[in-house]
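Beneath this line is the structure, given in structure tokens, with notes to follow.
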Amino acid sequence: MQTTFWPILLGVFLAGYLALEGADFGAAMLLPVFGRHDQHSRDGVIRAIAPLFLGNEVWLVAAIGVVQGAFPGLDGTVLSRLYPVFVVLLVAWLTRDAGLWFRSHGGVEWRWPWDCTIAVASVLLAAGWGVVLANLALGTVTAANPALTGLAPSDQGFGLVPMLCGLLLAGFCALRGSLFLNRRLSEPAAERANLIARRLSLPVAGLTIITGAVLAFTDPPGRHWPLWLLGSLLVMAALATRSRPAGLPLTALAIAASVPLTALAGLPYLPTANAATLAALTPLVIAVLPIIVACQVGLWWLCRGPVESRSWSYF
């Protein structure tokens, strides 16, 4: 029971982080789209994500805590094989958060470069997690010997398939972010965000199909059947963005589903801690998890409406 509970819990935390923070990633990616001289719209984007991004990062902190407590040695294995990816993720994370804090402490000319920096860092964050998930699905992270995965060295780490998956996750975050901004911004910025979503939907759906085709030539299709299921969900979610009511929940579902489906495709072996350690951690998790979920639900409920131009934000 314990060996099943903890991998599922880790997947829930990572899926929650990517699904919720994906909206922040995508919204921040669109900052330069509003133009250097439209500071009003760019400030609206920041006000839309400012109440949420720190709360969404709680899911990542919880996932790191689960790895440290329940899966000793896993972080060393993953970091040793994907350390360049995690270096990029760490630098991008710090840069994005620093940009959100620093941008407001200056005038128009000060905010524009910081907004561009936040956008680039957000792209790297989304793409970096896509690369990590791709390597997990291909088995290059958790296999005892990466050479036995059946992939050429060029397909591992920063290979073609992981890079395509990185671009794909970044594209879906942009879709989710544009739909999120459509609900959070006032006109005409909201309509511009909706137009961006419609224009991105077909390219992202096409990139999903291309990634699937490349994967089919890289590895036997039958081995990674969860990825074909994920691909179908991604295509439907991309096309659903052309209909706003269905687009936002479907893009969230598609991003969240990428965690369990890539994990299932890679069939990772996660050695858990001893039974005594897990028994001590279980009551703590049972007590804390409902609080995290309740706080997240309350936070998103409070931020469900459009951002007013007069709304105050430290960011």
Side-chain angles (χ1 to χ4, degrees), residues 7-8 10-23 25-26 29 123 125-142 149-151 155-156 159-180 182 194 196-268:
I8 292 176
L10 178 59
V12 168
F13 283 145
L14 287 176
Y17 168 70
L18 290 178
L20 297 178
E21 191 74 343
F25 292 160
M29 290 178 199
V123 172
L125 277 167
W129 281 112
V131 172
V132 171
L133 289 174
N135 279 278
L136 177 64
L138 296 174
T140 60
V141 175
T142 54
T149 59
L151 299 174
D155 294 320
Q156 302 173 14
L160 177 59
V161 173
M163 293 301 289
L164 284 173
C165 290
L167 291 175
L168 189 57
L169 184 56
F172 264 92
C173 287
L175 280 176
R176 177 155 166 71
S178 59
L179 293 172
F180 170 75
N182 179 254
N194 181 53
I196 292 170
R198 292 178 62 85
R199 289 179 175 176
L200 282 175
S201 60
L202 292 180
V204 171
L207 181 59
T208 304
I209 296 172
I210 292 171
T211 304
V214 172
L215 182 64
F217 286 102
T218 302
D219 216 33
R223 176 182 172 186
H224 294 311
W225 64 265
L227 297 183
W228 305 116
L229 177 60
L230 175 61
S232 301
L233 178 60
L234 293 177
V235 171
M236 288 190 296
L239 296 179
T241 58
R242 305 180 72 84
S243 172
R244 282 179 290 179
L248 192 60
L250 266 180
T251 51
L253 176 62
I255 294 173
S258 64
V259 174
L261 289 176
T262 54
L264 185 60
L267 294 177

Value rounded to 0.5 Å, distance of CG in L253 from OG in S258: 10.0 Å
R176 side chain near L248 side chain, heavy-atom distance below 4.5 Å: yes
In this structure, CG of L200 is separated from CZ of F172 (nearest 0.5 Å) by 10.5 Å
Within the 4.5 Å heavy-atom criterion, are L207 and L167 side-chain neighbours or not? yes
What are the two closest non-hydrogen atoms of V161 and A134, and how far apart are they? O-CB, 4.5 Å
Taking the side chain as every heavy atom from C-beta outward, state whether P162 and L138 have any pair of such atoms under 4.5 Å apart. yes
So, for A205 and V235, which heavy atoms are closest and what is the spacing to 0.1 Å? O-CG2, 4.2 Å
Could you state the interatomic distance from CH2 (W228) to CG (L215), rounded to the nearest 0.5 Å? 4.5 Å
If I compare all heavy atoms of L250 with all of A240, which pair ends up nearest, and what's the gap? CD1-CB, 3.5 Å
Calculate, to the nearest 0.5 Å, the distance between atoms CG and OG1 belonging to L136 and T262 respectively. 5.0 Å
Determine whether L239 and L202 make a side-chain contact, defined as any pair of heavy atoms from C-beta on separated by less than 4.5 Å. yes
Residue pair G130 / L169: nearest heavy atoms and the distance that separates them: N-CD2, 3.3 Å
Separation of W129 CH2 from Y17 OH (nearest 0.5 Å): 6.0 Å
For a quick test of reading the model, state the closest non-hydrogen atom pair linking L175 to A197 and the distance between them. CD2-O, 3.5 Å
Grab the two heavy atoms, one from L179 and one from G247, that are nearest each other, plus how far apart they are. CD1-C, 3.4 Å
Are C165 and L133 close enough that some pair of their side-chain heavy atoms sits under 4.5 Å apart? no
T211 side, atom OG1; L230 side, atom CG - distance, nearest 0.5 Å: 10.5 Å
